Amino acid sequence: MWCLGVGGIDMKQYILDIVHGISSIAKGMWVTFTYLFKPHATVEYPEVNVESMLPPRYRGILQVDMDLCISCLACERACPIECIVIEDVKGDKTFVTSKLTQKPTPKVKYPLRFDIDIAKCMFCGLCVEPCPTGAIHHTRKFEGSVTNVADLTYSYIRDTDIELAEKQVELLANKKEKEQA
Amino acid sequence: MNFETQYINDRQMELNMGPQHPSTHGVLRFIVTTDGELIEKVVPDVGYLHRSIEKIGEKVSYHGFMPYTDRVDYVSAMTANHAYARSIEKMANIEVPKRGHYLRMLADELCRLASHLIAIGTYPMDIGAVTPFVHALREREKINDLLEELCGARLTYNYMRIGGVSFDIPQQFVSKTKVFLQEFAIFLDELDRMLSENTIFIQRVANLAAITTKDAIAYGLVGPNLRATGLHYDLRKDQPYACYNELDFEVPVGKGEQGILGDCYDRFIVRVEEMKQSAKMIRQIIDNLPEGPIIGKAPKTIREKDTSSYASVESSRGELGFFVVANGTANAHRVKIRSGSFAAISMLEKIAQGVFIADLVAIIASLDLVAPEIDR
Amino acid sequence: MSVQYLADAAYREEVLLFFSRVIPGQVIEAITLFATVAVFFSLMVTPIAAISVYIERRLSAKMQSRIGCNRLGPEGIFQMVADGIKMISKEDFMPQGADAFLFKFAPYLVMVGAFVSFACIPFSKQLLLADINIGVVYLLALSSIVVIGIMLAGWSSNNKWSLLGSLRSAAQIVSYEIPLGMSLLIPVIITGSLNLQEINQFQSGGIHNWLVFYALPFTVPAFVIYFISALAEVNRTPFDLPEAESELVSGFHTEYSGIRWGLFFIGEYHNMFLISCIAVTAFLGGYQKSAANFPFVIVSLFFMFFITFHILTFLPKLGFSLFQGKNILDMLMFHHPKPMRRWLRIVCLILAVVVSILFYINHAHSNMIQVVTFISKAYFLVLFIMWLRWSLPRYRIDQLMDLCWKKLIPISFICLCGVLVWVVLI
Amino acid sequence: MSVASPIWEMFLQKIDSATLLEHASLIYVRVVPKDLLPALTFLAKDDAFQMDYLKYMTVIDWEDHFELVYHLYSYRTNLECCVSVEIARENPIVASCHHIWPAANWHEREMYDLFGVTFSNHPNLQRLLLPVDWVGHPLRKDFVEQDHFNGVSTTRNNVVKLPSAREFES
């Protein structure tokens, strides 16, 4: 019907190419066809509560438990971006049970200001490691969108901490008077 | 790079491809002089993602620099951690326990899979097939979930510390990884059927921008791009580190199945084979994880007196090395990062001559360039 | 047999009388023809293009293990409306330095090419707008208007990328018209007439009368060549070079936005439906009754019932909540509960099967049944084109040309000679 | 490959002004600027070394002088070494070695961009990473960043240091 190899094109290779072309395209398309019957792998974010799906070690936005914080400034030194700022005042010695070792750790300094600039924080977790009492830790919150960047500077000090600091300063002051007297 | 658009002649025009262009991976820009379809000259213009991580290295302590190494190659961040940690350990000769090595290898291989999934996902998308990209991302999400469980982050892990790793594996991590490996095998088989034998894909990609081994070495090409040219060189095999000598795996090398050796198709196939090898390695690692501590004794603040050390790791884009010079203070004096994509893009000018614009997109995708690694 | 069903309305005589003193007869004839085409269009074909936009999004999502648009209305059906409103309400600016008149004129050319060529497609025995006795030539002529439109768009938007895209598409469409013309000649030779209605009448009777199987070794490759080159005509994957997202940003309609871009978008989906209509009339036995129609009719009836049932069950809820004063937007984000959705699907399927059997029994009498079978068969090819788009990579411009000149044209020559010999001998 | 092996002896006779030392298992070849190029070509071309792979080139700023480091490796003989040379800080000029390793082309442009080291007979010595009209070379120790570049301020006020940080509703 058509003698092979006429006109410089190898007829067998020509047909083989077409057959191979059609078969490989058909194989590829069969894969997409089978996906029509497989369930979807995506999750509808606002409806599904993604926070509950996150694993326990998830490094989300930081949270500081001020009762445990002994203001040792370990986290401030460890942070490579320096986005933690702590101002504290020396007071009477009290004991706080650390969350990590359940042993009482002495608390000498009392923080008056504890701010973290979450906008600059890269959630690297280097501040959580050196904390002796486990005060600073990651939560599973990750939604950090705000209208004004300054709103992302979280300050963790509460009024009770400031009163506690003043009380301890007085205690220390009159303890010193008692020693001099 | 001064770019007043000269008017070359009535046949040529200068085309600006990037930095906002759908198929330049990350923020890269290519000044293309072309006559419409055929490209006469390509000049890459980089530096849009230059954060000067090397200058930050001089301002931050040794431990504090670790999160910045994730940002050097955010697609496979674990290998950057591993390279930096090895460089500092080599300088301050800190011992890493065996389990620490195994966990590092596990994290590296998982990250290599995730990075190659991005590479083989975006490659066909630039050529037109959109579906494989979405399936590759679905598999990558599973790996991200595993790594999120391991160290708490999905992209910039900051998992390794100088002297070991920061977390041990959680309870059902081993069983979850096994389930992932089974699903991954199914995905790899689908990928072969969908892409590796598809004639349109092969026609578009075979015999395109073939690189010879001599040129590759001269331009400093590394990793899958170098192995695709036929050279059997892999840091994990030739300069084994972190107990890689205890794992058995082969190093896939380009064979030139569809046309010239070292063409775009070989680079694609070498990455697909590497993923199979990595999956095999992960199975071996989680099967015989040794007991013991996960981090060695590393001093709180490392102070080294005028020594310098270079250590490199086989990242998914080739040799990623950190050259650290110490000057006795708590911060490094100089940190130089050697990355694979930097060499690949310096070679683009030579290999992308006289190709079509559609091919230039395919070449960029086949070299698996990533902007942060080039600009650091 | 030149009576047009719709155009034969009573008002035609008064219109003729009133205008005859002012405008000659043929011009009025043409105006009334185009008027009916426009009316027919807004009722019949544009909703099909809108539905295919929605179905393409859901189908591509399913193929990529995603969900697709399911927020607006039950199963996301109102997404079509939302797309339409967005296209109309978005601002369509013109780039600086663009050639104003050509920039504005280009979309209309592309739209006209797609819309007007529906005039000679026979949807059923009576529903045929213009019984042009040179139907096939009319179609081929119109497809070249689309080329002019695309080139105008590319040139006038003063952007190197779109110029590249439009030149590519010009080369592609012009060179693929030859295999298209060749393969469309084959039904013309077999039936002996250019008029699509007669081509269709020729294929009456069961599946064995379809033209695809008429001269088997030659007409089947001819159908395949027709389909491939029609894909290239319409710039659909694997030939979507003119608007290759990953290289040329988005080809000739990069600089368009708003309703101008919408015209291109609608034009593309109309073209897709058009080439499948031609394929069905010329090769797969148009609206003729045949047992092979069952799968096509069942699928399309299922879609129709699926959409109507969801809207019907949604309306009372909408009315009730409007009565309660809830704002409309929350209501639009309405989902049926999961069991009810499964139930609705099962009911739709059963109903589709029953109705398709009814259609098969009294097929010849009613005109509406023929229209439904024709559209469902054409729509099956549209789904196939969508399936192609989401699983194949794209050709390069020189491979495209190589495929056309070295493979499609020789084979279509062979088929044409084969059919000539076949018709003469048998 | 320790320092005392015969190959390095042969290298020392060839380039007499070189001194060898070892940091963290990496051999350093300190060379005088005058015979930098002969040393590099010898290491690259000699069949005992065949260092055909230039890993990277970098400059270390020791406040009073620059140290230029070439890290070489050879695939055939698996040898690795760092050639380092001391050059002046004020407008240093070094011979370009892109004819030996084409990879050096872009590394030299980066050194010019970030340190200000000019390489003679380099095909296209322009800034690689920074914009064309950038003033100064950032990686030098004495680099002071201007607070405006083309009218865009380059500093962001540190919100945390301000006293009025807002309350966090936990």
Side-chain angles (χ1 to χ4, degrees), chain B residues 1-3 43-52 54-55 58 87 89-93 213-222 226 231-233 238-239 304 306-312 319 321 323-327 333-339 342-343 345-347 349-350 374-376, chain D residues 21-26 28 44 50-63 66-67 69 71-76 78 80 82 84 98-111 113-115 123-134 138-141 143 145:
Chain B
M1 200 159 264
N2 40 24
F3 289 112
V43 175
D45 170 20
V46 286
Y48 290 89
L49 204 55
H50 177 59
R51 301 143 295 178
S52 186
E54 291 167 358
K55 184 89 177 175
E58 291 157 15
S87 181
E89 279 145 19
K90 206 170 173 186
M91 180 157 68
N93 44 52
T213 314
K214 209 173 75 56
D215 283 350
I217 294 175
Y219 275 86
L221 217 58
V222 272
L226 179 67
L231 184 75
H232 189 286
Y233 179 80
D238 298 310
Q239 292 176 358
E304 284 305 315
D306 57 52
T307 61
S308 64
S309 91
Y310 173 80
S312 61
E319 178 182 343
F323 174 67
V324 180
V325 178
N327 63 358
H333 183 70
R334 170 82 169 100
V335 178
K336 164 72 184 172
I337 302 161
R338 190 252 178 263
S339 65
F342 188 78
I345 194 164
S346 69
M347 194 174 188
E349 216 162 317
K350 178 175 183 308
I374 297 167
D375 307 341
R376 290 179 305 279
Chain D
L21 42 95
E22 201 165 333
H23 285 311
S25 79
L26 186 59
Y28 273 73
Q50 287 172 5
M51 302 254 184
D52 44 14
Y53 170 36
L54 170 70
K55 284 195 178 181
Y56 58 84
M57 274 171 57
T58 185
V59 175
I60 307 167
D61 178 1
W62 294 103
E63 268 92 23
F66 274 170
E67 186 191 350
V69 176
H71 191 133
L72 305 175
Y73 176 76
S74 120
Y75 283 109
R76 284 184 200 78
N78 205 350
E80 193 169 359
C82 268
S84 85
H98 75 278
H99 51 281
I100 310 169
W101 299 284
N105 189 333
W106 269 45
H107 283 100
E108 280 162 2
R109 277 178 59 189
E110 190 190 349
M111 291 306 116
D113 188 355
L114 300 180
F115 279 94
N124 147 29
L125 197 65
Q126 283 168 342
R127 280 194 182 271
L128 179 70
L129 298 176
L130 294 172
V132 172
D133 50 5
W134 184 270
L139 270 181
R140 294 171 79 116
K141 292 288 180 189
F143 173 72
E145 193 183 5

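The shown structure was predicted, so the numbers you read here are calculated from the model rather than taken from an experiment. Just so it is clear: chains get the letters A, B, ... in the order the sequence lines come, proteins before strands, and each one is counted from 1.
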Hey, does [Y] have a side-chain heavy atom less than 4.5 Å from the side chain of [X]?
| X | Y | answer |
| --- | --- | --- |
| D/Leu139 | B/Ser52 | yes |
| B/Ile345 | D/Trp106 | yes |
| B/Tyr219 | D/Leu54 | no |
| D/Pro131 | B/Tyr48 | no |
| D/Leu128 | B/Phe342 | yes |
| B/Val46 | D/Leu129 | yes |

Proximity breakdown for [X] and chain B, heavy-atom pairs closer than 4.5 Å:
| X | value |
| --- | --- |
| D/Glu63 | side chain |
| D/Asp52 | both |
| D/Asp61 | backbone |
| D/Ile100 | neither |

Considering only heavy atoms, which portion of [X] lies under 4.5 Å from any heavy atom of chain D: side chain, backbone, both, or neither?
| X | result |
| --- | --- |
| B/Leu49 | neither |
| B/Ala343 | neither |
| B/Leu226 | side chain |
| B/Tyr233 | side chain |

With rounding to the nearest 0.5 angstrom, report the NZ to OG distance, D/Lys55 to B/Ser312. 4.5 Å
For the CD atom of D/Gln50 and the CD1 atom of B/Ile217, what is their distance to the nearest 0.5 Å? 10.5 Å
Check: D/Arg140 main-chain N/O paired with B/Lys55 side-chain donor or acceptor under 3.5 Å: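 Yes, the answer is positive, given that a donor and an acceptor are paired below the 3.5 Å cut-off.
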State whether the side chain of B/Arg338 and the backbone N or O of D/Tyr56 hold a donor-acceptor pair below 3.5 Å, judged by distance alone. no
For chain D, which candidate among [options] shows the most heavy-atom pairs at distances under 4.5 Å?
| options | result |
| --- | --- |
| B/Ser309, B/Ala216, B/Ser308 | B/Ser308 |
| B/Asp238, B/Leu231, B/Asn327 | B/Leu231 |
| B/Met347, B/Lys214, B/Gln239, B/Lys350 | B/Gln239 |

For the student: nearest non-hydrogen atoms of B/Ala218 and D/Pro102, plus distance: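 For B/Ala218 versus D/Pro102, the nearest heavy atoms are O-CD, 3.4 Å.
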Taking it one step at a time, do D/Trp62 and B/Val325 satisfy side-chain contact (heavy atoms from CB on, under 4.5 Å)? CA-CA 11 Å; D/Trp62 294 103; B/Val325 178; 3.5 Å; yes
Per the side-chain contact (heavy atoms from CB on, under 4.5 Å) rule, which among D/Val69, D/Thr58, D/Val59 passes with B/Arg334?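 When D/Val69, D/Thr58, D/Val59 are each tested with B/Arg334, the side-chain contact (heavy atoms from CB on, under 4.5 Å) holds only for D/Thr58.
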Is there a donor-acceptor contact under 3.5 Å linking the side chains of D/Tyr75 and B/Thr213?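 Side chains of D/Tyr75 and B/Thr213: no pair found under 3.5 Å.
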For D/Tyr53 and B/Glu319, does a side-chain donor sit closer than 3.5 Å to a side-chain acceptor?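 Per modelled atom types, D/Tyr53 and B/Glu319 side chains form a pair under 3.5 Å.
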One pair to check against ring pair (Phe, Tyr, Trp, His ring centres under 6.0 Å): B/Tyr310 and D/His71. What are the steps and the verdict? CA-CA 9 Å; B/Tyr310 173 80; D/His71 191 133; 4.6 Å; yes
Could you go step by step and tell me if D/Asp113 and B/His50 meet the side-chain contact (heavy atoms from CB on, under 4.5 Å) rule? CA-CA 12 Å; D/Asp113 188 355; B/His50 177 59; over 6 Å; no
Would the number of heavy atoms belonging to other residues, nucleotides or ligands and lying under 6.0 Å from CZ of B/Arg51 be above 12?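 Yes - once you tally the heavy atoms of other residues, nucleotides and ligands closer than 6.0 Å, there are more than 12.
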Pairing residues for B/Glu58 by the side-chain hydrogen bond (donor to acceptor under 3.5 Å, both in side chains) criterion, not counting sequence neighbours: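 With neighbours one apart ignored, the set is D/Lys141.
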Using a strict threshold of under 4.0 Å (side-chain N to carboxylate O), is an ion pair present between B/Arg376 and D/Glu110? yes
